[in-house]
Amino acid sequence: MRDQLIQLMQEAIHVTQKPLSKNLQDIPIVLTVPKNESYGDYATNLAMNLSKTLKQSPMKIAESLVRNFPTDLNWLEKIEVVKPGFINFFLKDKALQDILPVIITQKEAFGQNQRGKGGEILLEFVSANPTGPLHIGHGRGAALGGALTNLLKATGYQVTTEYYLNDLGTQMETLGRSIQARFRELQGEVDLFPENGYKGEYIKNIAADILQENSTEAFAESSLDVSFFSRYGRQAILKDIQEDLETFGIRFDHWFSEESLVRQGLVENLIQAMEDKGLIYRKEGALWFKSSTFGDEKDRVVVRANGALTYFASDMAYHLQKVNRGYQRLIDIWGADHHGYVQRLKAALQSLGHDPKALTVILVQLVTLIREGKPVAMSTRAGEFITLREVLDEVGKDAARYIFLTRRSDSPLDFDLDLAKKQSNENPVYYVQYAHARVCSVLDVARSQGFEIESLDLTTVHRLNSPEERRLCKHLSEYPEEVNQAAMKLEPHRITFYLGELAAQFHYYYNHHRIIQADRELSDSRLILSLAVGTVIKNALNLLGVSAPEKMVRE
RNA sequence: GCGCCUGUAGCUCAGAGGAUAGAGCAACGGACUUCUAAUCCGUAGGUCGCAGGUUCGAAUCCUGCCAGGCGCGCCA
């Protein structure tokens, strides 16, 4: 419907302005759903936007555009030209009702499109260091990444998801030393815990595991060096991270190890290549990349005076390698505290002849956990934090994922644990899930009364002409555009808000109209509408990675 | 000091050039012998941080200021 209207206007512009100037051709046609229903089902400000270039009054332009619309449109009730120059479209009921059979026929495919044309995107997210369990902030990134994966796939892109593992350098050393110290403590030795060591309980658990394995096998004392503990710790923590993500419903296509990057010599090669291009210089014993000539604030060290590679060096190599693997677009999801790295990474890509715009970094603001109305203090270093695992055990996957997606990533998020597990109207998750369960429940009752839901005549929709039914049909028909916008703008929270509105409309409808009743034909119509609502809710929840239960029983 | 993000109802947030700025929660008053009341209805609630500017039109764009968060290492 939306597409048809846009096409209609494009044609009208062509007819109105015979010699079509170039700046007219690429003027975007914006079609909105007016807040006030007296302004029609759809409206456009096209005439007002055109008035500058055409040097005519908006009202005149609007009128001549409307005059050039075909007259034989059986799906349009009327067109209005109003005050400053809006064109308002009023659709016939049938035009809105016709979306219902489409939804029911397409099922889970409804809402998808192919605008991505199979473009290949590499989406990197979470990428938490394997030095400790995932915390709540990683959960937000994971929920966002998972939803974006689904959204981009739904709009025709080929998406590969990747988790970059910083399994090298000082932090792995610190991890090893931390475990080693705990291990020796368990053996009764008094060992000084490293100053910057990881203090969490999980370190002790890992040490205990090692001790247990040790007691059965005779380990040579010499094999228990730091690198042994590092490697063991990395594996153990990685396994936990993978399990956590699994229960959170997130799967990665690749787990990309920094260590492997260095081992293959890719970082070294890159630095050599950059040196050859004169992008690198030596100062005070270190190697510096001239990132400031590519928009960064200052130059950055890639190899320290002690010969160690910086994190940034392998990050450059990693991202270059992503480009070389053939992805047209790279999307990274980072915590907002890393925003300072965006510019230098783009600088690196640009200096090597790649378009920095190919890389999009989504910065996710911090999450504050709230319990009993107060923020929960967290510090990774001190080992005081609530893990994603604990949150999942407490509130469940669905509530967690949904709540993470109720905000723009730009906005900081207060995650209220008590609210998330409340089975009440304060909790937005159940509101939407309940609408779906309600649809299923109505359909079940209908079946028990002899309605054959699976073989309803989908053309029986003409009885749906109450304002509530019109509104529902229209909102359902906006779903594909909503998916498209959410994907293009990389903003899954739009789907969350859409869902809230759809659920609200259905709950209202349910409370004001009886779906199953004596009038068989009307019942059929309303069952079709309900089925369509259920389908769209389920599709949208799927995009968010939240389940759509068919029954909900209050505990 | 510099950079990024944010400032919208009591609280948490949508809205990012258009028409009378919206939702949820909280508050107050109502609706269950009914297809699930995890629902619904009604009431109330606003100087869109402040000040200029751009234009037919600004919560939205530009500039300055104020407030909060985060960053500004040869840390990761």
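Protein chains get the first letters and strands the later ones, always in sequence-line order, with residue 1 at the start of each. Reckoned from all heavy atoms, side chains included, excluding hydrogens, waters and symmetry mates.
- Taking the ring axis of A:Phe506 as reference, the NZ or CZ atom of A:Arg438 does not stay both within 45° of it and closer than 6.0 Å to the ring centre.
- Nearest nucleotide to the side chain of A:Ser411, out of B:G71, B:A14, B:U39: B:A14.
- Residue-nucleotide stacking is present for A:Tyr39 and B:A19, judged by a side-chain ring centre under 5.5 Å from the six-membered base ring centre and planes under 30° apart.
- Neither OP1 nor OP2 of B:C5 sits under 4.0 Å from any side-chain N or O of A:Arg408.
- Here A:Phe86 counts as stacked on B:A19: its ring centre is under 5.5 angstrom from the base ring centre and the planes meet at under 30°.
- Among the nucleotides B:C40, B:G18, B:C74, the one closest to any side-chain atom of A:His507 is B:C40.
- With A:Phe451 as the aromatic partner, A:Arg520 meets the cation-pi criteria of under 6.0 angstrom to the ring centre and within 45 degrees of the ring axis.
- In this structure, A:His513 reaches the bases: a heavy-atom distance under 4.0 Å links it to at least one base atom across the strands shown.
- No hydrogens or angles were tested; on distance alone, nothing pairs the side chain of A:Asp410 with the base of B:A16 as donor and acceptor under 3.5 Å.
- Taking the six-membered ring for Trp and the full ring otherwise, the centers of A:Phe256 and A:Tyr318 sit less than 6.0 Å from each other.
- Look at A:Lys35 and you won't find any side-chain N or O under 4.0 angstrom from OP1 or OP2 of B:A21.
- Evaluation of atom-type donor-acceptor distances gives a pair under 3.5 Å for the side chain of A:His339 against the base of B:G3.
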